[in-house]
Structure formats: C-alpha cells, structure tokens
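In what follows, every chain begins at residue 1, and chains take the letters A, B, ... in the order their sequences are listed.
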2 protein chains.
Amino acid sequence: MTPANLAENAIDTGAQHIRDSIRDAIVERRLAPGTKLSENDVGGLFNVSRTVVRAALQALSYEGLVTVEKNRGAFVAYPSVAEAQQIFATRRLIEPGLLREAARHLERRHIKELRALLAEEERLTSERGPSARRAEIKASGDVHLALAAITGNAILQRFMDELIARSSLVIALYGQSVASSCGHAEHHQIIDALENGDVEAACKLMLQHIDHIEADLDLRAKKSGDLKDVLRL
Amino acid sequence: MTPANLAENAIDTGAQHIRDSIRDAIVERRLAPGTKLSENDVGGLFNVSRTVVRAALQALSYEGLVTVEKNRGAFVAYPSVAEAQQIFATRRLIEPGLLREAARHLERRHIKELRALLAEEERLTSERGPSARRAEIKASGDVHLALAAITGNAILQRFMDELIARSSLVIALYGQSVASSCGHAEHHQIIDALENGDVEAACKLMLQHIDHIEADLDLRAKKSGDLKDVLRL
DNA sequence: GTGCCTAATATTGTATACAATTGAAAGTCG
DNA sequence: CGACTTTCAATTGTATACAATATTAGGCAC
C-alpha cells in the first residue's frame, strides 16, 4: 500500500488508477504544466467513461496538481511564484517538526530503509538520460516521504505527499540546475545526524536543504514567458 | 470568499454547495459520526442528481470528514482514537510555526478581526441552548482559522481547515466537558501575547491550549467501561 | 483588411439508465 | 429451532444521453 492509499479512502477503483497515473506523469514531468487534460481524451486513453475521469481529475485538483476551471476543463497546474513560495514556506514549517516526530519512532529498520533509498538515489544520479533524471527527482522526494512515514502519522503523511508532489511541479517549472547531487549529499547528512541521535542538527540541515532547493529556483517574474504559455493553451 | 473556497479550485457549483452544507452539518454536530449519507437521500434533499452528490462526497472524503467504503457508500467519519491523536499531534506540529508566520504578517486590522471573533465567541459562551453550543464550537475553530488566514499562505490555510474540521468531529465524539470557557480564555491570552509582540509566549500558550483541548477528551477505549459508568450513575 | 456580430462546434455540467455488488429476507434442510 | 442457502431488494459503480457554456470559424459591415 502506497503512502497515498494509506491515507485516502479510495472512492472507486478505476479513478484511483487514473489518478495515480496522471499524478506520476505530472511529478515525473512527462506532463508539462498547463497541459489540458480533456475528459474525453483521458477517458479514451484509459478506456473508461468521462464519469471516472472526472472523479480522478477532481481528486488531483484537490491535491493542487491540477487546476479545474468551470466550463473550461482541467489543466496540469501551473504554480505561480507566490504558490511556489508558499509550498516551500509550508515545508520549512512542517519538516523540522516532522523530523523530531520521526526521531521519536525511529528504529533500526527505518535507518536501513532510508539508506536503501539514498543508495537508489545515488545510483540514479550517476546515470544519464532524461528518464534517469525523472526517476531521480522522484527518488529525491521519496526520501522526504519516507521520513514522514516513520512518524506513523497518516495525516502528516498526506500533507507531505501533497507538498512533495507540488514541489516537483515547481522544480519542473522554475528549476535551473539539476542540483540533485547537492540535494543528495544533504539527504545523507540529515540521515547521518538522525542516526547519531542529533535531532536538532538534522532539523538545521533540513532547513538548509529546503533553502537550497528553493535557492536553485529561478523565481523571478516570468512576465512574458508566463503569459505566452498561458495564452498558448 | 471563505478560506475553503480560497484554496480549492471548485470543480463545479452545485457540488460545492452540498459539500459546504454537509461539512457545516458535520462540524456543528448536527450530523452524528457514523451516519450514512445515501446518495439518493442527499440528492433528493438538495434536488440534484447522484452525480453531483458523489462529487461532494468524494471531496468530503478527501478532507477526512466522510468515509467512503467501496460498494457500501459514504458515512460521516468516525475517527478512531489513533486518528484523534494524530490530528492533535499534527496541530501541535503546525500551529506554533503558523503563529510565528502570522506574526510576521500581523497588522492592526488583523488584531481587530481577532478581537471581534473573540467577542463573538464570548457572546455565544454566555448563551444557552444547543444551537449556541454548536455555534460556539465553530467559533472556537474560527479563531485558529483566522490566524492561519493572516499568514496569507493558502496551503497552510487548507491544512488548517482540514485539521480544525476534523478536530470538531473528534470533540463531538470524545469531548467530555464543554471546556469552551477555558478554551476561550486561552484564545484571549494567545492574542494578547501576539499583540504584545511576544511570539514565543504565544506559541507556548498555543501548545498548552492544544494540550488542554486534547486532555478534555476521553480517549480511553470505549469498550464496556463507558457502559458501566453510565449505568453506575 | 479590420472589427464585430452571429452561428456552428466542441467541451463541460448534469441527469438518467444500466450493470455489479452488497445486505437481508425468505425458504429449506438438518 | 437453528443454521445454511438462495433469492430479491436496495445501493453503489459506470456508461451514456442531454443541456448549458465556452471557443472558434465564418460572414458582414465599415
């Protein structure tokens, strides 16, 4: 059971599958922000009726990954600069506390899982190609989600699910460098501090880590860029 | 525009209304936890088809106020003790940081709004009757939501929306005393500290406040113990 | 050719119809 | 009489049909 499923009471089976598929496609940047998600097209793609598609799109809308405009349809979310800043502000607010909570429930097996994730992340870093790059972005988020899972707090997990997914979207939009290797090293330091029992150091590192991610973004107003893209579709 | 609307991209108009109505009914305890929400019944009540009702119920399910079981239908959520603890753990994690963030954006008009909310809360405290009691529960939550609104962070607002709504549900289920007068006094202290610029004191008071709310709950397993207690009286 | 108005088209919003699953009542057997 | 099986009613899951709205294309006047 994925973290997402754990927290949500799936309303129906078909919609869940579509939701996850689209969600993955967005987070892994296969679907560009602003892309229109026509109910007919998506339905045809999955061989289901619009009814099911609508349920999936509504769920994604609630997660902030999709924007639904009345009588106009659903689009892959195009986070504004303000939204991006709010996402990271919220992460800075939550993740240190999350770390302290995770530390309270930390067991040896958790450390092993985290190490495994870091190793996978490292492996992807060394690989070339766009698909490895996408997997790397996802793996980077998975570390944060794994920390949330350690707390055993399903609500916190769901909040983090949303924040991480939306962060991926923001990075897709405004990210300059990959900056993943940097992020990877920081993940390592955080886990090290956690394993050594120095929770406060881990929190400090986490805040710096989030700062670095945000610093790598080009959040200057994209005036004409935004407008053109929006008008294009 | 309510805080809820602000954060969510309403997928359609009819469902939004139904969602808000049911949501209010749950938060104000007019709908008891566990109550079945039949699509036909709800639809008949609002004179809309099941399609619209399903959309509303799905949204409520995402908020954690409604539980949807496959092929069985939707029910007003019946939070377990574990869920209740997670809700308050998450609030303890978020609300101090939220307070610090609110302090950064605090203006005179915000203080005035908060004072007005407190006054309203106080007025309701002095009133008698179940409807005043319901309004009081809601007003108490509104103070926390107003603090979230001050931050200007829509994501944080939505998280708090959900946490406050689910807290109301938990209080409805497990609350012993009214404890609202106590909560009201604490709200006053928090706002006072905030106005005086002593943010850290406000945070401390907030944590105590949440502790008090949780302490007023009877989170012991509700097996036969309750029954015996009731019968012994 | 430009601007505006009108009509046609396509897409979403909602209602209804049908299929699938569940829960319970009725009937049967031990 | 109790337990099991079977059938039936009711409710949800999904698909389709219809209505409302937005977008686009075409025509007309200027």
Side-chain angles (χ1 to χ4, degrees), chain A residues 4-5 8-22 26 31-78 227-233, chain B residues 4-5 8-23 26 31-78:
Chain A
N5 294 344
E8 298 154 22
N9 10 25
I11 194 164
D12 39 34
T13 53
Q16 186 83 12
H17 173 230
I18 296 176
R19 186 180 77 84
D20 288 345
S21 296
I22 298 182
I26 294 176
L31 272 173
T35 306
K36 162 131 192 170
L37 300 171
S38 160
E39 296 178 359
N40 258 321
D41 296 355
V42 178
L45 215 53
F46 287 92
N47 280 97
V48 295
S49 81
R50 283 176 48 214
T51 309
V52 182
V53 176
R54 278 179 77 85
L57 292 177
Q58 183 180 345
L60 288 166
S61 152
Y62 202 93
E63 294 181 59
L65 293 182
V66 157
T67 303
V68 175
E69 293 176 38
K70 185 173 163 67
N71 282 319
R72 286 204 7 102
F75 305 82
V76 178
Y78 200 109
L227 188 63
K228 193 165 58 180
D229 279 345
V230 168
L231 293 182
R232 181 166 52 83
L233 239 194
Chain B
N5 294 345
E8 297 153 24
N9 10 26
I11 194 165
D12 41 32
T13 54
Q16 186 83 12
H17 174 229
I18 297 176
R19 186 181 78 83
D20 288 345
S21 297
I22 297 182
R23 181 190 166 98
I26 293 177
L31 272 172
T35 305
K36 163 134 197 177
L37 299 171
S38 160
E39 296 179 359
N40 258 320
D41 295 355
V42 177
L45 214 53
F46 288 91
N47 280 95
V48 294
S49 81
R50 285 176 47 214
T51 308
V52 183
V53 176
R54 279 179 76 84
L57 291 176
Q58 184 179 344
L60 289 165
S61 152
Y62 204 93
E63 294 181 59
L65 293 182
V66 157
T67 303
V68 175
E69 294 176 36
K70 186 173 161 67
N71 282 317
R72 287 202 10 98
F75 305 83
V76 178
Y78 199 107

Rounded to the nearest Å, what distance is computed from the [atom1] atom of residue [X] to the [atom2] atom of nucleotide [N]?
X      : N       : atom1 : atom2 : answer
Q16(A) : dG13(D) : CD    : C1'   : 15 Å
N40(A) : dT9(C)  : CG    : P     : 17 Å
F75(B) : dT12(D) : CZ    : C1'   : 11 Å
H17(A) : dT14(D) : NE2   : C1'   : 17 Å
E39(B) : dT22(C) : CD    : P     : 16 Å
E69(B) : dG13(D) : CD    : C1'   : 15 Å
R50(B) : dA10(D) : CZ    : P     : 15 Å
N71(A) : dT21(D) : CG    : C1'   : 5 Å

If you check every side-chain atom of [X], which of [options] has the closest atom?
X      : options                   : answer
K36(B) : dT11(D), dT21(C), dT12(C) : dT11(D)
T51(A) : dA15(C), dT12(D), dA15(D) : dA15(D)
V52(B) : dA17(C), dA15(D), dA15(C) : dA15(C)
K70(A) : dG13(C), dT16(D), dG13(D) : dG13(C)

Do the side-chain N or O atoms of [X] get closer than 4.0 angstrom to the phosphate oxygens (OP1, OP2) of [N]?
X      : N       : value
S49(A) : dA15(D) : yes
R72(A) : dT11(C) : no
R54(A) : dG13(C) : yes

* Residue pair I26(B) / V66(B), side-chain heavy-atom distance below 4.5 Å -> yes
* Asked: Are side-chain heavy atoms of L60(B) and L37(B) found at a separation under 4.5 Å?
  -> no
* **Donor-acceptor contact present, side-chain S61(B) to main-chain L57(B), <3.5 Å** => no
* Asked: So, Q58(B) side chain and A55(A) main chain: donor-acceptor pair closer than 3.5 Å or not?
  -> yes
* Should the pair Y62(A) and Y62(B) be assigned to parallel (<30°), tilted (30 to 60°) or perpendicular (>60°) ring geometry? -> tilted
